[in-house]
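Comments concern the structure below.
Counting begins at 1 with the first residue of the sequence.
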Amino acid sequence: MKHKETVLLVEDDATVRSVLSEQLSGFGYRCIAAANAIDATQIIEANLFQLDLLVTDIKMPGALDGLALAEKVRALQPDVAILLISGYPDAPVMTSADAHGYRVLAKPFRQSQLEAAVAEELGRRGASVVSLDEARDKNRS
């Protein structure tokens with residue numbers, strides 16, 4: 001099944017990033033992958049595509065972790081769905097993620113769990129969110 005949505009995957013572990021990217025693409029989503037929050041921010045700020053979902057690891061090296069990235073994305077593009085992933089489900093950052101209303105998928109997870117979580121988070125965005133192309137088409141009518 002081919003979806004129209006674009007997913008930005010942010011994962012610092014190259015092997016995990018590769019596997020998750022393949023899975024997301026296999027689900028039919030357009031997947032763009034970044035190795036860290038700084039790279040992801042640059043991708044988002046370039047504004048070359050309509051981002052529908054951010055899937056990011058919470059714990060990453062560098063100045064920005066996944067939670068800070070999620071907050072930055074929310075500020076730049078409020079309609080973007082966000083799914084956090086973490087191999088540390090008992091970490092204090094999980095409480096913070098919950099307080100911000102973010103869903104966290106604990107690693108390791110099954111492919112079916114990822115697929116369901118992605119679909120659910122995208123579904124939460126509501127039917128009112130349209131792609132840039134759809135918005136342009138409506139404006140031309």
Checklist entry - Any link between Leu24 and Val19 through a network of hydrophobic side chains (Ile, Leu, Val, Met, Phe, Trp, Tyr) touching at under 4.5 Å? => result no
Checklist outcome for this item: Output for pair (Leu67 CG, Lys72 NZ), nearest 0.5 Å, gives 14.0 Å
Checklist entry - Taking all atoms of both residues into account, what is the closest heavy-atom pair of Ser86 and Val104, and its distance? => result CB-CG1, 4.2 Å
Checklist entry - Do Lys107 and Asp57 sit within salt-bridge range, that is, some charged N less than 4.0 Å from a carboxylate O? => result yes
Item to check | Partner residues of Asp13 under the side chain to side chain contact (heavy atoms under 4.5 Å, CB included) criterion, sequence neighbours left out | outcome: Glu11, Thr15, Val16
Next on the checklist: Are the side chains of Leu53 and Tyr29 in contact, using a 4.5 Å heavy-atom criterion?
Outcome noted: no
Checklist entry - In Å, rounded to the nearest 0.5 Å, how long is the span from CG of Asp39 to CG of Asp12? => result 11.5 Å
Checklist entry - side chain to side chain contact (heavy atoms under 4.5 Å, CB included) with Thr56: which of Ile85, Leu84, Leu8? => result Leu84
Checklist entry - Quick one: side chain to side chain contact (heavy atoms under 4.5 Å, CB included) partners of Ser18, sequence neighbours excluded? => result Glu22
Item to check | Approximate separation, where rounding is to 0.5 Å, of Leu114 CG and Leu83 CG | outcome: 7.0 Å
Next on the checklist: Name the residue from Leu54, Val73, Val55 that meets the side chain to side chain contact (heavy atoms under 4.5 Å, CB included) definition with Val10.
Outcome noted: Leu54
Checklist entry - With sequence neighbours excluded, what pairs up with Glu115 under the side chain to side chain contact (heavy atoms under 4.5 Å, CB included) test? => result Phe27
Item to check | Separation of His3 NE2 from Cys31 SG (nearest 0.5 Å) | outcome: 12.5 Å
Checklist entry - For Arg103, what residues pass the side chain to side chain donor-acceptor pair (under 3.5 Å) criterion, not counting sequence neighbours? => result Glu120
Item to check | Closest non-hydrogen atom pair, Glu121 against Ala81 | outcome: O-CB, 3.4 Å
Checklist entry - Between Asn36 and Met60, which heavy-atom pair has the shortest distance, and what is it? => result CA-SD, 4.2 Å
Checklist outcome for this item: To the nearest 0.5 Å, atom CD1 of Ile32 lies from atom CD1 of Ile44 at 10.0 Å
Next on the checklist: Using side-chain heavy atoms (C-beta onward) and a distance below 4.5 Å, is Thr6 in contact with Gln50?
Outcome noted: no
Item to check | Over all atoms of both residues, closest heavy-atom pair of Asp52 and Glu5 | outcome: OD2-CA, 3.1 Å
Checklist entry - Can you name the side chain to side chain donor-acceptor pair (under 3.5 Å) partners of Glu71, sequence neighbours left out? => result Tyr102
Checklist outcome for this item: Apart from Ile38 itself, its cluster of hydrophobic side chains linked below 4.5 Å comprises Leu64
